[in-house]
Each structure stands twice: as C-alpha cells, then as structure tokens.
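Residue numbers begin at 1 in each chain, while the letters A, B, ... track the order of the sequences. Predicted model, so just to flag it, every value in this text is computed and none were measured.
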Amino acid sequence: MKYAYFPGCSVHHSTAKEYETSCLAVSKILGIELEEIPGWNCCGSIDAVYAYDPTASLALAGRNLLLAEKISSNIVTLCSACFFTLSRARRMLQNDVSLREQVQKMYNVPVSGEGVKVRHFLDILVNDVGYSEIAKHVKVPLRDLKVASYYGCLIVRPPGLGSFDDPEHPKSLEQMVVNLGAQSIDLPDKTRCCGASLFITHEEAMVEMTRRILGNAKAAGANCIVTVCPLCQFNLDAKQTDVEAHVGSKFGIPVLFSTQLMGLAFGLSPRELGLNKNFVPLHSMLLNAGEQVVEVVVAHK
Amino acid sequence: MKELKVIENSVPDPSFLETVQKFPGGEKITDCIQCGVCGGSCPARAWMDYSPMQVIHMIRHGLKDKVLSTSTIWICASCYACTTRCPRGIDIPILMSNLKRLAMEEKVPAKIRTKPVFHRAFMEVIQKYGRMYEPELFLKVADKRDLLGLFHNASLGFRLMRKGKVGFKPPRVSESSEFLAVLRSRNNNRRDNE
C-alpha cells in the first residue's frame with residue numbers, strides 16, 4: 001500500500017534525522033511504500049502557530065492535506081505533534097465548511113478536510129503491517145534487552161482524534177517490542193508529558209517533567225527507552241545531560257526511536273539506522289542486547 | 001481562600017464569558033462541574049499559578065484581566081491529559097491556546113516572558129521558509145541580556161551541530177512560495193497595525 005509521507009520539520013532536516021533514516025530503512029524491508037509529499041510545509045506545530053493566528057495554522061495544515069490527497073488516501077507522519085495538528089485541522093476543516101472557505105479565501109490556497117486519513121507511522125506498523133509480519137523479519141532477536149516504551153502525549157490523546165490505542169494504557173509499542181524478541185519493561189509514566197516545547201520557554205518545568213520519566217525508566221531497570229515522537233526523544237536524549245546536571249546524578253539511558261530498535265532486530269547496521277546520531281552512548285546497551293547484536297555492531301565497525 | 005480574594009478585588013467584564021464561549025474550547029465551559037480532575041491530571045500544574053479548573057471559574061465570573069495574566073495559559077503544553085479525563089469533555093488545551101491568543105492581541109504582559117516571543121518568532125520563521133529552522137527561532141527567542149542562557153543554548157547548538165542535526169542553511173520550499181507570500185503580507189499588515 002502506498003502512503004503520502006509527511007516527514008515534518010524535525011524529522012526531515014533537524015534534530016530527529018535518524019528517525020527518518022531508520023523509518024525508511026525498515027519500510028523498505030516491510031514493503032511500506034512512502035511517497036514524500038512534494039512541497040509540504042510546516043504543519044503549524046500544535047499551538048505554536050494556532051495561538052498566534054488560528055486561520056494561518058489551518059491554512060498550513062490544510063494545504064498539506066490537499067497535497068497528500070493527490071498521492072494516497074492516507075497521510076502518514078512520524079511525528080506525534082504533526083499527527084495531532086494535521087488530525088485536528090482535518091476535523092475542523094471538515095466540520096465547518098464556512099471556516100474552510102474563509103481559510104481558502106484569506107490565503108488564496110486550496111485546503112482540504114476530506115479524502116485523506118491522518119495516520120501515525122506506528123499505527124501503520126502495528127495495524128496495517130501487523131505484529132506477526134514484523135516478527136517474520138526479525139533476524140537478530142533482542143533477547144537480553146530490557147526496553148521501556150514511552151508514548152508521550154499526542155499519539156494517544158485526545159481520544160477520538162486519530163488515536164488507534166488506549167489513551168491511558170496503550171499497548172502497541174510494548175507488543176512491538178516483544179515481537180522484536182526484546183523484554184518489555186512496564187513504564188508507569190509512559191503517557192505523561194515530557195515537557196515538550198517548554199524546553200525553549202520554561203526549561204525548569206521541562207527538566208523536572210523529563211526527569212520523572214528518566215527516573216522511572218531507570219528504577220524499572222530498563223536498558224533503554226523507545227519512543228515515537230521527535231520532541232520526546234529530544235528532551236529525553238539530547239537534554240538528558242541537562243537533567244542529570246539538575247538532579248546531580250547520572251541516568252545514562254539510551255533513547256531510541258521505535259524504528260531504530262526495529263532495524264536492529266532486522267539485522268540492519270547501526271549506521272543504516274542513524275544510531276551514531278543519538279546523544280546518550282549506546283555502547284553498554286548494545287553489549288547487553290545479546291551476542292548476535294554485538295556481532296552485527298562489530299561487523300559494521 | 002486565594003480564589004475568593006481574586007474575585008473580590010476584580011472588576012468583572014460580563015461580556016468575557018460570551019467571548020470565550022464563541023471560540024474552540026470555550027463552547028462547553030458552563031458545563032464544567034469544578035471537579036478538579038484537570039488540575040489533578042496536569043503534569044505541569046506545579047508551575048501554574050491557578051489550575052485549569054480555577055481559570056474556568058474565573059472566566060465564568062468575567063475576570064478577564066486575571067485570566068489573561070495567569071501563568072497557567074502559557075505553561076499548558078497541550079498534552080491533553082486533562083481533556084482525556086474531563087467528565088464534561090472540555091477541550092482545555094485549545095481553550096488555553098485561544099486565551100494565549102487573546103492575551104497577545106490585547107498585549108497583556110505574560111508571566112512567562114518568552115512565550116509570546118516564541119509564538120511570534122515561530123510564525124516569522126514559518127512565513128519565511130515554510131518550514132522550521134531552529135537556529136533562527138532560538139536567536140529570536142533568546143534574551144540577549146541573559147548571558148548564561150545564551151551560553152547554555154549555544155552549547156546545545158554546538159552539540160547538535162556536531163551530530164549534523166542543525167542545518168547551516170535554512171530549508172527552502174519553492175513550491176509554496178506564493179502561499180508564503182500571502183502569509184507574510186497578512187502578518188506584516190497585522191504588525192503594522194499594532
């Protein structure tokens with residue numbers, strides 16, 4: 001099946017490049033056809049644009065939806081913020097025809113609310129491809145790896161807006177982890193907010209919110225955290241040293257994108273999965289992942 | 001009884017509730033039963049001066065100035081923990097976004113100084129390139145007098161650069177140039193009127 005691929009800004013040319021690299025690598029193996037939407041623009045990023053100018057935010061998102069329609073009936077994104085923003089714009093433009101006309105007139109740009117369903121890449125993996133198909137491609141079971149799954153917010157909330165899993169107790173990531181042969185660790189705060197863009201405007205709050213997640217993962221004995229959102233991954237990984245400086249103790253927990261973990265299990269090399277771009281060193285985690293993983297890593301050194 | 005004092009010392013604006021009811025997130029605020037599940041579920045409550053429940057209570061009393069000057073509206077990160085559990089199905093994050101918008105339009109000084117700057121800067125970067133370019137956003141949001149903060153962000157920028165995670169050039173989307181021109185002219189008109 002072909003999907004209209006909306007990378008989003010951080011995934012395509014910024015902090016989460018390794019998410020795209022690893023996504024494209026596992027998509028190739030699983031036969032997921034992703035066609036990038038030509039000329040896509042920023043989705044409006046939750047309320048970054050909306051709080052400044054709501055109609056501008058609808059024009060930005062709506063333009064992408066219309067461009068996607070030409071490619072597929074499914075627009076798929078890797079980013080939870082894009083997933084939410086596009087889903088919300090679609091609902092608003094679909095439910096209010098006069099609003100849609102107002103946006104089109106104001107910005108002289110055709111927008112759409114119909115004809116295309118907004119999907120998160122994890123939804124495609126677990127529901128369109130399926131766990132058993134994923135399991136078939138596992139070459140290197142991650143037997144000894146203890147993985148804590150962290151969802152963040154907008155991939156599961158608000159309920160009823162594109163969500164495909166339980167808003168309070170989602171299970172899809174854990175099931176994916178188990179099907180990759182790894183051990184799934186229960187993370188109590190798996191849907192609690194990491195602080196998101198507060199890292200720019202109110203870092204103190206973000207540091208404490210992220211600390212809680214890292215602390216719980218550490219207490220649960222996780223070798224790594226796996227996540228699905230570029231901003232969650234950024235706060236947990238790139239900002240981990242800031243959190244450590246704040247609390248005065250070391251976490252040293254690697255934070256991988258779901259697609260990076262999957263790629264490891266599929267036997268792809270660390271470089272093919274952009275693992276050199278993660279901040280927290282992966283060395284000890286990879287050594288813990290079992291002999292076969294060590295062999296793959298060493299072979300590509 | 002912090003809340004009662006606020007009400008006693010304020011001059012209510014009776015039209016405020018009606019204004020709020022008209023925008024997304026405000027439609028159902030008269031349904032709020034003041035149960036407090038929103039504040040109890042909020043992961044950022046510790047940094048807010050009032051809980052979302054209290055903000056809704058103040059809106060219903062027409063306390064416009066108080067509402068628009070809370071830190072609550074700026075701290076909300078739109079995580080939707082509140083709405084997921086709200087027994088009345090109130091979309092609190094989008095209510096907060098619209099209150100942010102009102103506060104910016106009415107130039108109410110924000111308790112979190114960087115927040116209005118962030119929203120304006122974000123829009124400026126997007127209307128210029130069509131996509132986000134983080135270095136420019138950071139430079140626009142940074143407080144130039146806060147040397148420690150500047151150093152902190154510069155070191156983050158350096159670490160990102162070493163990983164190849166920050167582009168040296170901003171992104172270019174040629175296909176969207178006409179659309180971006182409209183975005184720019186609309187926003188420039190708005191700024192000229194301010």
Side-chain angles (χ1 to χ4, degrees), chain A residues 9-10 12-17 38-42 44-54 56 59-60 63 67 84 88 92 106-109 152-154 156-159 167-168 191-193 195-198 200-206 208-209 212 238-239 241-242 276-279, chain B residues 23-24 43-44 46-47 74-81 83-85 91 93-94 96-98 100-101 104 112-115 117-120 122-123 125-127 129-134 137-138 141 152 156 159-160 163-167 171 173-176 178-180 182-183 186-187 190:
Chain A
C9 305
S10 32
H12 199 57
H13 33 219
S14 177
T15 56
K17 277 181 174 171
W40 61 270
N41 54 255
C42 168
S45 193
I46 316 176
D47 80 343
V49 173
Y50 183 93
Y52 189 73
D53 185 346
L60 285 161
R63 179 178 174 273
L67 291 171
F84 165 77
R88 183 181 65 184
M92 284 177 151
M106 218 178 239
Y107 294 93
N108 192 27
V109 63
C153 310
L154 296 175
V156 287
R157 289 194 300 268
E168 301 267 13
T191 59
R192 200 179 158 97
C193 179
S197 71
L198 287 175
I200 306 174
T201 52
H202 201 65
E203 188 165 339
E204 178 203 329
M206 168 259 139
E208 176 54 26
M209 288 159 89
R212 192 175 159 135
K239 301 290 282 181
T241 48
D242 291 320
N276 54 322
K277 292 203 181 290
N278 298 52
F279 279 96
Chain B
F23 55 61
W47 298 275
W74 299 108
I75 291 290
C76 171
S78 299
C79 82
Y80 276 93
T83 299
T84 302
R85 295 174 186 171
D91 189 335
I94 205 164
M96 295 299 167
S97 304
N98 277 301
K100 285 173 201 171
R101 175 177 58 79
M104 282 189 270
I112 313 296
R113 188 202 63 84
T114 43
K115 263 288 178 174
V117 186
F118 166 79
H119 288 282
R120 166 172 290 198
F122 198 98
M123 186 69 213
V125 175
I126 297 306
Q127 70 185 23
Y129 306 120
R131 293 180 191 166
M132 183 34 61
Y133 183 51
E134 288 85 353
L137 178 73
F138 262 95
V141 177
H152 182 66
L156 174 68
R159 287 170 59 219
L160 288 169
K163 288 278 184 186
K165 289 186 165 193
V166 175
V173 194
S174 52
E175 294 95 329
S176 61
E178 261 177 64
F179 169 53
L180 295 182
V182 183
L183 268 186
R186 233 184 79 88
N187 195 28
R190 166 177 169 169

Check whether Val166(B) gets within reach of chain A through its side chain, its backbone, both or neither, counting any heavy atom under 4.5 Å.
neither

Report the option among Met104(B), Met96(B), Glu178(B), Arg85(B) that has the most heavy-atom pairs separated by less than 4.5 Å from atoms of chain A.
Arg85(B)

Go through Asp242(A), Val156(A), Leu67(A), Ile46(A) and name the one with the most non-hydrogen pairs under 4.5 angstrom from chain B.
Asp242(A)

Against chain A, label Leu160(B) side chain, backbone, both or neither, depending on which of its atoms sit under 4.5 Å from a heavy atom there.
both

Atom OG of Ser197(A) and atom CG of Asp47(A): how far apart are they, to the nearest 0.5 Å?
7.5 Å

Is it true that atom CD of Glu168(A) has more than 12 heavy atoms of other residues, nucleotides or ligands lying nearer than 6.0 Å?
yes

Out of Pro93(B), Ala77(B), Ala81(B), which one racks up the most heavy-atom pairs below 4.5 Å with chain A?
Ala81(B)

Quick one: list whatever passes side-chain contact (heavy atoms from CB on, under 4.5 Å) with Arg186(B), sequence neighbours left out.
Asp53(A), Thr55(A), Met106(A), Tyr107(A)

Residue, of Lys163(B), Arg131(B), Met123(B), that accumulates the most heavy atom pairs under 4.5 Å with chain A
Arg131(B)

With a 4.0 Å cut-off, would you call Lys165(B) and Glu134(B) a salt bridge?
no

Between the CD atom in Glu203(A) and the CG atom in Leu156(B), the distance rounded to the nearest 0.5 Å is 8.5 Å

Which of Pro158(A), Gly39(A), Cys9(A) touches chain B most, by non-hydrogen pairs under 4.5 Å
Pro158(A)

Using non-hydrogen atoms and a 4.5 Å limit, figure out which bit of Phe279(A) sits close to chain B: side chain, backbone, both or neither.
both

So, Asn98(B) and Tyr50(A): side-chain donor and acceptor under 3.5 Å apart, yes or no?
yes

Side chain from CB out, backbone as N, CA, C, O: work out which of these in Lys17(A) comes under 4.5 Å of a heavy atom of chain B, or both, or neither.
side chain

Ring center gap for Trp40(A) and His12(A) short of 6.0 angstrom
yes

Nearest heavy atoms of Leu137(B) and Ile200(A), plus distance in Å:
CD2-CD1, 4.0 Å

Which one, Gly164(B), Gly167(B), Cys76(B), leads in non-hydrogen pairs under 4.5 Å with chain A?
Gly164(B)

Heavy-atom pair count under 4.5 Å with chain A, highest-scoring of Met132(B), Arg113(B), Arg101(B):
Arg101(B)

Lys100(B), His152(B), Gln127(B): which one forms the most heavy-atom pairs within less than 4.5 Å of chain A?
His152(B)

The interface call for Phe138(B) against chain A, heavy-atom contacts under 4.5 Å, is side chain

Under 4.5 Å to a heavy atom of chain B? For Thr191(A) that would be neither

Straight-line distance of Asn41(A) CG to Leu183(B) CG, nearest 0.5 Å
8.0 Å

Okay, Leu180(B) and chain A: the region with an atom under 4.5 Å from a heavy atom over there is neither

Locate the shortest heavy-atom distance separating Leu198(A) from Trp74(B); write the atom from each residue and the value.
CD2-O, 4.4 Å

Under a 4.5 Å cutoff for heavy-atom pairs, which residue among Ala238(A), Ala196(A), Pro167(A) has the most contacts with chain B?
Ala238(A)

Under 4.5 Å to a heavy atom of chain B? For Arg63(A) that would be side chain

Looking only at Cys153(A), Ala56(A), Ser14(A), the option with the highest number of non-hydrogen pairs under 4.5 Å against chain B is Ser14(A)

I'd like to know if the side chain of Arg157(A) reaches the main chain of Cys79(B), judged simply by a donor and an acceptor atom lying under 3.5 Å from each other, with no hydrogens or angles considered.
yes

Sort out for me which of Asn108(A), Val49(A), Leu60(A) touches chain B most, counting heavy-atom pairs under 4.5 Å.
Leu60(A)

